[in-house]
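Contents: one structure, followed by commentary.
This is a predicted model, so every value here is computed, not measured. Quick note on labels: first sequence line is chain A, next is B, and so on, each numbered from 1.
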Number of protein chains: 4
Amino acid sequence: MEKRILRAAVQVFARKSYHGSSIAEIAEEAGLATGTIYLYFRRKEDLLLSLFENTLRPYLHHCEPLIQALPPGLPQLRKLVELQFQFFEQDRAQARVFQIHAREVNPTLKPSISRTLAHYHQIIDRVVEAGVSSGKFSPHIDQFLARQLVFSGLDSLVTHWVLADRPYPLSRHLEPWCAMLARALGAESAFAETSPSQEQDHVG
Amino acid sequence: MEKRILRAAVQVFARKSYHGSSIAEIAEEAGLATGTIYLYFRRKEDLLLSLFENTLRPYLHHCEPLIQALPPGLPQLRKLVELQFQFFEQDRAQARVFQIHAREVNPTLKPSISRTLAHYHQIIDRVVEAGVSSGKFSPHIDQFLARQLVFSGLDSLVTHWVLADRPYPLSRHLEPWCAMLARALGAESAFAETSPSQEQDHVG
Amino acid sequence: MEKRILRAAVQVFARKSYHGSSIAEIAEEAGLATGTIYLYFRRKEDLLLSLFENTLRPYLHHCEPLIQALPPGLPQLRKLVELQFQFFEQDRAQARVFQIHAREVNPTLKPSISRTLAHYHQIIDRVVEAGVSSGKFSPHIDQFLARQLVFSGLDSLVTHWVLADRPYPLSRHLEPWCAMLARALGAESAFAETSPSQEQDHVG
Amino acid sequence: MEKRILRAAVQVFARKSYHGSSIAEIAEEAGLATGTIYLYFRRKEDLLLSLFENTLRPYLHHCEPLIQALPPGLPQLRKLVELQFQFFEQDRAQARVFQIHAREVNPTLKPSISRTLAHYHQIIDRVVEAGVSSGKFSPHIDQFLARQLVFSGLDSLVTHWVLADRPYPLSRHLEPWCAMLARALGAESAFAETSPSQEQDHVG
DNA sequence: CATGAATGAGAGTTCATTCAT
DNA sequence: GATGAATGAACTCTCATTCAT
């Protein structure tokens, strides 16, 4: 039931934004009565919060081992990007909510969201650390800056895709984007490593 | 008078978010009566729009020549980052509004905001293009991806700073961040070029 | 519930005029919360419109056959006047609203009111036409002028009664008024029919 | 100056109704500042009141002798109607205000309007009385009803004309309307007296 | 469990009116 | 006299939330 309500909420938020949506609309979308929403969620804000708890958090738990299973460096990085692209691509409405409308929310509930975010940061951090320890990435890179770069870059690509008039395959960006990130992180011969078909080695 | 109202709006928006603020609060912050706000701004939304028009746009016009005046490649890139850091650092409340609360806004007024954003994108594009033409950046980089990387990275650094409990000097990140960007863009010996004081050359 | 709200609206409009009344007052008169009004009426204007739709229109439908059932000429005319007197006399507050305050209303909703009015005009027209066809009224009278005379005369009598400090029986005017109208319409021997004493035997 | 303001008020009220107009609009129409209106009129309502005092009252004083100068009965009645048609026809915007928008006004200021109205009623009464005394009208007619008939009929004709999409000459109605009124008032051979071209005698 | 009518606080906005210039 | 910026009360309307059924 919670799932059903959250699915409805995602649809409505995606269409009309968080502040532009009313509980009544979400109830209607879910085929329920207004009051029923309140049997499962104490406040409107909780709908957003639960999206993070119920959707993003499981996704992150699902990601972690898949990434760790690969060799450090570019392979892990590529998996990270690939998984995120897949996750958002599978539900554009949900992606809209995460990328756009979850940000409308009162700062008071940011902490709850932050917890999930922190987990994501952790995953990125591990990829970076593993890359550095294994000598694949430069030892001089700043942990914090690397994380911001990886996270915000992905974030902005997804946001761009979500706002595009006509959806396009996010995966189109996978290889060149990973190559750029890898170079930023000081991966040796990042150009060589990536897509031979598209990019020639030219670094030297 | 408009300035006075906008300054008040920035303070209130920064504290309580756009949707969490009322015109009455903004008026009080400005030391005016509620109705007075409406002598200068037709709707609440116009307050946000005007921030973009009156603050961000002039800033962009101010930036452009300063950047263009420098040699292409890292110098231009560094100036771009430096100016943005300075711009936001000078008014943290305003930065909060731009980075957090301006995103709460009704999609109907996105177009107006987009225009300003497009200008910013253009500035980044020119820096990248000039770097590529002059051989400082790799000719294989994707224009669009490069722009997203530069833009979103800056964006996220500023957002992080804005949300930090205790402000810290953004400029602390200037050199290492530019180095990372430069490498991502395929700058030759990016490590060498950058800050000998902070980073040693080690790429090879 | 709608009835309850409309009854309250009539009372308040009658006391303080349409523009002088607030939704809050109407809600209080109805013993409801402000917001409840909006569950049944989308806008304040709709209260007035509904009065026409729900009160005047049914009344007209009720009138029509009663009038048509009588012989043409004075009997039909008298019935028309009598019914209208009765209709308004039964609720003076409602009469006030129809006669005085419904006219305060935004021209944009005039069309809706006009429809009801047009129906009333039609009823009058039929009485006049029937009177003419049957030879009871003069064939030379102008259809439009006759209608205006009948309608506006009734209207003004009701308005006068509604504004009077102390209500008096409208029916007092029934016979002499009908006699005047009949003469205006060229009814033969209208004088003979009416009031030497006040109302005596009258042809047949 | 008062005239100038009142002229502007008439234009604006006619366009947007009393409650739909703001003092600022009237000031703009008059080419004055908002505050200036208040040098000449204490409250918005006074604009409407003054229209009655400054326009309708002088008109009535002007009418009275012109009517009295004629022989009693139909000639006076015809003059009364003719003058009213002329008065309204000369300024349709003003007519709109008198016929439509002056009625939007708070009942509290009705008394002031009533005084002017009472004068008008008096003029009608004298025409009727003179007609009766001189034997032109029936001695059985009710003074009050006769006044209502004459007044409301004129009122409705003017209102109809004022609301018409395309103005037409009100004078078109002069003769047939007077004939109808005369018959209503019991004028002998009212049909014969009136417009031979349009109406034949047939009453007997 | 589910409903949905009812609530009522609170928002944005308008505008008659004032008054320092 | 004339101005028009400033005021602030008052209004309509929305909607998260409750609770009797």
Side-chain angles (χ1 to χ4, degrees), chain A residues 1-2 4-5 16 18-28 30-47 106, chain B residues 1-2 4-5 16 18-28 30-47 106, chain C residues 1-2 4-5 16 18-28 30-47 106, chain D residues 1-2 4-5 16 18-28 30-47 106:
Chain A
M1 195 68 163
E2 274 134 26
R4 180 172 162 195
I5 293 171
K16 332 221 331 186
Y18 176 74
H19 285 289
S21 308
S22 69
I23 294 287
E25 276 173 292
I26 293 165
E28 198 191 348
L32 295 170
T34 323
T36 310
I37 305 289
Y38 283 86
L39 297 179
Y40 298 91
F41 299 92
R42 281 222 349 238
R43 291 171 325 210
K44 188 185 178 189
E45 284 173 337
D46 289 358
L47 289 169
N106 196 303
Chain B
M1 196 68 175
E2 276 132 20
R4 181 171 159 194
I5 293 171
K16 330 219 338 185
Y18 176 73
H19 286 289
S21 309
S22 71
I23 294 287
E25 278 174 292
I26 294 167
E28 198 188 351
L32 295 170
T34 327
T36 309
I37 306 292
Y38 286 89
L39 296 180
Y40 298 92
F41 300 92
R42 284 225 341 238
R43 292 177 319 222
K44 190 185 176 189
E45 284 175 338
D46 289 359
L47 289 168
N106 193 306
Chain C
M1 197 68 174
E2 276 132 19
R4 180 172 161 193
I5 294 171
K16 330 220 336 185
Y18 176 75
H19 286 290
S21 310
S22 72
I23 293 287
E25 279 173 290
I26 293 167
E28 198 189 350
L32 296 169
T34 327
T36 309
I37 305 292
Y38 286 88
L39 296 180
Y40 298 92
F41 299 92
R42 286 221 345 234
R43 292 174 322 223
K44 190 187 175 188
E45 285 176 337
D46 289 359
L47 289 169
N106 195 305
Chain D
M1 197 66 166
E2 277 136 24
R4 180 172 162 194
I5 293 172
K16 331 221 329 185
Y18 176 74
H19 286 290
S21 309
S22 70
I23 293 287
E25 277 174 294
I26 293 165
E28 198 190 351
L32 295 170
T34 322
T36 310
I37 305 289
Y38 284 86
L39 297 178
Y40 298 93
F41 299 91
R42 283 223 346 239
R43 292 171 324 213
K44 189 186 177 188
E45 285 175 337
D46 289 359
L47 289 168
N106 195 303

Query raised in the report: Just checking D:Leu32: base, sugar-phosphate only, or nothing, at a heavy-atom cut-off of under 4.0 Å?
Result: sugar-phosphate
Requested in this report: With DNA chain F as reference, determine whether C:Thr36 or B:Gly35 sits nearer its 5' end, using the nearest nucleotide of each.
Outcome: B:Gly35
Query raised in the report: Toward the 5' end of DNA chain F, which comes first, A:Thr34 or C:Lys44, by nearest nucleotide?
Result: C:Lys44
Taking atom [atom2] of [N] as reference, at what distance in whole Å does atom [atom1] of [X] sit?
{"X": "D:Met1", "N": "F:dG1", "atom1": "CE", "atom2": "C1'", "result": "9 Å"}
{"X": "D:Leu39", "N": "F:dG1", "atom1": "CG", "atom2": "P", "result": "7 Å"}
{"X": "B:Ile23", "N": "F:dT7", "atom1": "CD1", "atom2": "C1'", "result": "16 Å"}
{"X": "C:Lys16", "N": "F:dA10", "atom1": "NZ", "atom2": "C1'", "result": "12 Å"}
{"X": "C:Tyr38", "N": "E:dG4", "atom1": "OH", "atom2": "C1'", "result": "21 Å"}
{"X": "D:Tyr40", "N": "E:dT17", "atom1": "OH", "atom2": "P", "result": "18 Å"}
{"X": "B:His19", "N": "E:dG10", "atom1": "NE2", "atom2": "P", "result": "19 Å"}

Query raised in the report: Which of these nucleotides, E:dA11, F:dT7, F:dC13, is closest to any side-chain atom of C:Arg43?
Result: F:dC13
Query raised in the report: Counting N and O atoms only, with roles assigned by atom type, does the side chain of C:Lys44 sit under 3.5 Å from a partner on the main chain of C:Tyr18, one being a donor and the other an acceptor?
Result: yes
